[in-house]
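Working notes for the structure below.
Bear in mind the structure is a predicted one, so any value in this text is a computation, not a measurement.
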Amino acid sequence: MDRKKYYITTAIAYTSRKPHIGNSYEIVLTDAIARFKRLQGYEVFFCTGTDEHGQKIEEYAKSAGVTPKEYVDKVSGEIRNICDLLNTTYDHFIRTTDSYHEKAVQKIFKKLYDQGDIYKGAYEGHYCVPCESFFTDSQLKDGKCPDCGREVKFAKEEAYFFKLSKYQKQLEDYIESHPDFIYPESRKKEMVNNFIKPGLQDLCVSRTSFKWGIPVTFDDKHVIYVWIDALSNYITALGYDGENNSEKYKKYWPADVHIIGKDIVRFHTIYWPIMLMALGEPLPKQVYGHPWLLFGTDKMSKSKGNVIYADELVARFGVDAVRYYLLSEMPHATDGSISYETMIERYNSDLANTLGNLVNRTVAMANKYFVGTLPCNTEKTELDEAFINDILSALPAVEKGFNEFKIADAVEAVINSAKRSNKYIDETAPWALAKSEENKNRLSTVLYNLLEAIRIIAVELTPFMPETAEKIFSQINCDIKSYDSITSFGAYPIGNKTGEALPLFARIDAPALLAEIEAEMNKKAAEEEKKSEIEGIAKIGIEDFAKVDLRVAQIIACEPVKRAKKLLKLTLNDGIGERTVASGIAKWYSPEDLTGKKVILVSNLKPAVLCGVESQGMILAADCGEDDVKVMFVDESVPAGSKVR
């Protein structure tokens with residue numbers, strides 16, 4: 001009989017920077033689900049990978065002095081190495097620079113264009129480079145990107161558009177008739193109420209302002225924009241090409257679930273399903289938008305200096321301890337958090353004291369009292385029956401946790417079994433039973449129940465902590481690991497000889513380790529500061545920055561300074577009145593280029609006389625390379641006098 005198929009994916013990681021532990025949570029979460037489904041007997045296909053095109057990549061590569069392909073090769077390699085380090089069992093790792101993907105995306109774009117779902121137009125709006133998204137005035141939040149909060153810039157360019165609006169009713173009907181399509185419920189309400197019901201706008205799906213992307217086959221000025229490129233990976237990874245789809249595609253599509261971060265739910269529950277509707281393909285069965293993993297109470301950010309990386313954690317705590325923390329600490333629908341303090345606390349309490357202690361002392365007692373071989377399992381009591389029922393009750397709780405993506409609940413059910421087993425040891429007191437020969441059969445029964453409970457716990461731990469589970473199987477000398485074997489109690493072979501009792505997790509000296517971590521962080525900060533000094537970048541505090549008064553000003557007049565070829569005399573309206581600024585930009589700008597433009601003014605700079613002109617401030621400009629300077633212009637809609645923060 002054919003096994004049930006299960007196709008699960010992560011979002012593909014953007015190859016801008018090395019991912020931090022908050023980014024890595026998703027691959028571990030998805031891996032745990034994939035492992036559990038395999039344990040249940042499903043034929044799983046687990047796909048992850050990297051998103052490698054776009055303007056941001058082009059800019060990062062330029063700053064690094066390498067080609068975009070060289071840049072993404074390096075970062076994609078780092079991302080894949082972290083997936084492997086965290087012991088994830090993906091079946092396919094797709095890169096959007098893979099030739100098969102690029103060809104399939106070009107076919108998808110052409111098909112949508114040929115059937116009238118993509119048309120050429122022009123886009124005019126506010127563009128956020130990090131998010132690679134355009135926004136209207138009404139969509140901005142406090143004048144900034146509504147998704148990431150960064151500054152946006154006004155842009156206008158020719159583009160191709162995808163007719164989202166054409167499929168709005170079809171999408172609404174689908175969500176209504178498939179109540180579990182967007183999960184959890186809070187994400188569905190957000191998408192329907194905030195984005196779909198107000199009306200869908202057609203989506204920009206090509207760009208001309210950069211070149212690092214998949215070319216549009218019939219219009220080489222354009223590259224295909226991120227939405228069609230990146231989102232299509234879920235089907236191109238299976239061999240979809242729009243013409244001769246592979247057997248793998250026919251076997252596994254539609255996906256059972258896309259596991260994604262809550263910040264990209266909109267793209268996966270609006271853009272992606274409409275794209276599939278237009279292609280005539282089935283929609284994924286479910287999209288689960290998981291919460292973020294925060295550092296303390298803040299979202300991880302390199303600029304805040306609160307980033308922790310997976311390889312650093314693994315080096316300190318081991319792979320399975322990191323996996324355990326990520327899966328046990330993350331709530332279902334609200335953000336989780338990580339800190340070294342909480343990591344150490346959970347490590348000591350759950351892994352060393354509860355799980356490790358249970359396995360170590362049970363195997364040690366079996367070896368001590370029976371030379372590792374239990375003679376029988378005959379003297380059961382009501383206490384034993386209650387214990388067995390408690391152990392068997394964990395599996396339905398684990399199943400429920402996975403079915404509802406409440407993975408922390410599933411982990412808790414397994415750890416509770418370990419806690420219950422430790423309590424059973426206290427209740428039965430094997431060390432006391434061992435003092436009398438007449439209690440030998442009772443002692444044997446108690447230790448058998450503990451070894452069988454540990455075997456069941458090890459099977460249930462496999463999706464979360466696979467290496468630890470294998471160590472436990474080795475110590476109890478048992479390879480009965482099937483899902484069916486843990487639906488009832490008693491599969492551990494009577495008369496089996498246990499292995500050697502070895503510590504699974506050594507307790508951590510919290511004060512000592514925290515002091516060591518603090519010293520390393522201080523050393524790293526000092527090295528960064530020294531590096532900045534060498535590069536000529538002086539570090540300042542926020543109080544120093546607050547002393548600089550930056551304001552928007554409009555250039556109302558401009559003329560050359562006769563006694564200095566490099567200087568232009570600018571007359572500015574700073575929102576209060578007029579002032580004069582002498583700026584050394586005559587080589588790159590003429591008065592006609594500047595008059596009427598809005599700029600950023602350092603308004604509290606001490607006046608200085610330059611070639612007979614009193615300069616009452618400074619305007620901001622950027623060094624863009626050798627002998628190239630660009631003035632920082634401000635959007636026309638920003639009033640003169642506005643404070644820049």
Side-chain angles (χ1 to χ4, degrees), residues 8-34 46-52 54 56 75-76 79 82-83 86 88 90 93-94 96 128 130-133 145-150 181-191 194-195 226-227 229-231 233-234 255-273 284 286-295 297-302 304 306-310 322-323 325-327 329-338 404-408:
I8 186 170
T9 72
T10 68
I12 51 176
Y14 196 51
T15 48
S16 54
R17 303 278 181 87
K18 175 183 175 180
H20 55 63
I21 193 64
N23 306 133
S24 302
Y25 162 70
E26 186 174 296
I27 188 74
V28 174
L29 166 67
T30 309
D31 179 67
I33 298 169
F46 168 17
C47 187
T48 191
T50 45
D51 173 11
E52 303 184 13
K56 186 158 61 170
V75 180
S76 180
I79 292 169
I82 288 173
C83 293
L86 291 168
T88 61
Y90 55 87
F93 191 97
I94 187 171
T96 56
C128 176
C131 293
E132 298 192 281
S133 298
C145 173
D147 289 340
C148 72
R150 294 181 176 90
F181 172 58
I182 306 174
Y183 196 78
E185 182 72 17
S186 58
R187 310 270 188 258
K188 179 169 75 173
K189 288 180 179 178
E190 180 187 6
M191 292 304 108
N194 295 357
F195 295 100
V226 59
W227 313 124
D229 177 6
L231 290 168
N233 92 88
Y234 303 120
D256 289 272
V257 64
H258 293 319
I259 305 293
I260 59 166
K262 66 179 184 178
D263 51 330
I264 54 174
V265 170
R266 172 161 51 106
F267 314 134
H268 285 77
T269 60
I270 298 176
Y271 303 171
W272 178 225
Q286 197 165 41
V287 177
Y288 171 55
H290 64 75
W292 285 333
L293 182 67
L294 308 177
F295 181 85
T297 57
D298 295 329
K299 186 180 178 185
M300 287 191 200
S301 165
K302 287 189 177 182
K304 292 180 180 178
N306 63 357
V307 171
I308 300 176
Y309 294 103
V322 174
R323 287 176 61 102
Y325 185 91
L326 293 176
L327 296 169
E329 194 68 18
M330 195 68 142
H332 168 57
T334 57
D335 294 334
S337 66
I338 187 169
E404 298 177 0
F405 301 105
K406 296 178 179 178
I407 310 303

> Who are the salt bridge (charged side-chain N to carboxylate O under 4.0 Å, His left out) partners of D31, not counting sequence neighbours?
Replying inline: R35, R323
> Can you list the residues that meet the salt bridge (charged side-chain N to carboxylate O under 4.0 Å, His left out) rule with R187, with sequence neighbours excluded?
Replying inline: none
> Do V287 and F267 touch side chain to side chain, with heavy atoms closer than 4.5 Å?
Replying inline: no
>> Measuring only between side-chain heavy atoms, which start at C-beta, is Y14 closer than 4.5 Å to P19?
In response: no
>> As a quick check of understanding, evaluate side chain to side chain contact (heavy atoms under 4.5 Å, CB included) for H268 and L231, giving each step before the final call.
In response: CA-CA 8 Å; H268 285 77; L231 290 168; 3.7 Å; yes
>> Measuring only between side-chain heavy atoms, which start at C-beta, is T9 closer than 4.5 Å to C47?
In response: yes
>> Which residues pass the side chain to side chain donor-acceptor pair (under 3.5 Å) test with N233, not counting sequence neighbours?
In response: none
> Out of curiosity, I12 CD1 to T96 OG1, how far, rounded to the nearest 0.5 Å?
Replying inline: 5.5 Å
>> Quick one: does any side-chain atom of D335 pair with a main-chain N or O of W292 as donor and acceptor, under 3.5 Å?
In response: yes
> Is the H258 ring parallel, tilted or perpendicular to the W272 ring (thresholds 30°, 60°)?
Replying inline: tilted
> For F93, which residues count as a ring pair (Phe, Tyr, Trp, His ring centres under 6.0 Å) partner, sequence neighbours excluded?
Replying inline: Y90
>> I need the D256 CG to Q286 CD distance, nearest 0.5 Å.
In response: 9.0 Å
> Who pairs with A408 by side chain to side chain contact (heavy atoms under 4.5 Å, CB included), at least two apart in sequence or on another chain?
Replying inline: none
> Can you list the residues that meet the ring pair (Phe, Tyr, Trp, His ring centres under 6.0 Å) rule with F405, with sequence neighbours excluded?
Replying inline: Y183, Y288
> With distance as the sole test, does T15 use its side chain to make a donor-acceptor pair with the main-chain N or O of D51 at under 3.5 Å?
Replying inline: yes
> Which pair of heavy atoms, one from C83 and one from I27, lies closest together, and at what distance?
Replying inline: SG-CG1, 3.9 Å
>> I need the minimum non-hydrogen distance between A34 and I8, along with the two atoms involved.
In response: CB-CG2, 4.2 Å
> Among all residues two or more places apart in sequence or in another chain, which pass the side chain to side chain donor-acceptor pair (under 3.5 Å) test with S24?
Replying inline: none
> Who pairs with T10 by side chain to side chain donor-acceptor pair (under 3.5 Å), at least two apart in sequence or on another chain?
Replying inline: T48
>> Can you tell me how far apart CE (M191) and CD1 (I182) are? Round to the nearest 0.5 Å.
In response: 7.0 Å
> Tell me, do H20 and I308 make a side-chain contact under 4.5 Å, heavy atoms counted?
Replying inline: no
> Think K18 forms a cation-pi with Y309, using NZ or CZ under 6.0 Å from the six-ring centre and within 45 degrees of its axis?
Replying inline: yes
> Hey, is the main chain of A11 close enough, under 3.5 Å, to the side chain of E26 for a donor-acceptor pair?
Replying inline: yes
> At their closest point, which heavy atom of A13 faces which heavy atom of I79, and how far apart are they?
Replying inline: CB-CD1, 3.9 Å
> Would a 4.5 Å heavy-atom cut-off, applied to side chains only, mark L327 and V28 as touching?
Replying inline: yes
> What distance separates L29 CG from I259 CD1, expressed to the nearest 0.5 Å?
Replying inline: 5.5 Å
>> Holding to ring pair (Phe, Tyr, Trp, His ring centres under 6.0 Å), I want the full list of residues that pass it with Y25, two or more places apart in sequence or in another chain.
In response: H290
> Which residues satisfy the salt bridge (charged side-chain N to carboxylate O under 4.0 Å, His left out) test with E404, sequence neighbours excluded?
Replying inline: K400, K406
> Does E329 have any salt bridge (charged side-chain N to carboxylate O under 4.0 Å, His left out) partners at least two apart in sequence or in another chain, and if so, which?
Replying inline: R346
> Looking at OG1 of T30 and CD1 of I407, how far apart are the two atoms once the value is rounded to the nearest 0.5 Å?
Replying inline: 9.5 Å
>> How long is the straight-line distance from CD1 of I82 back to CG of N23, given to the nearest 0.5 Å?
In response: 8.5 Å
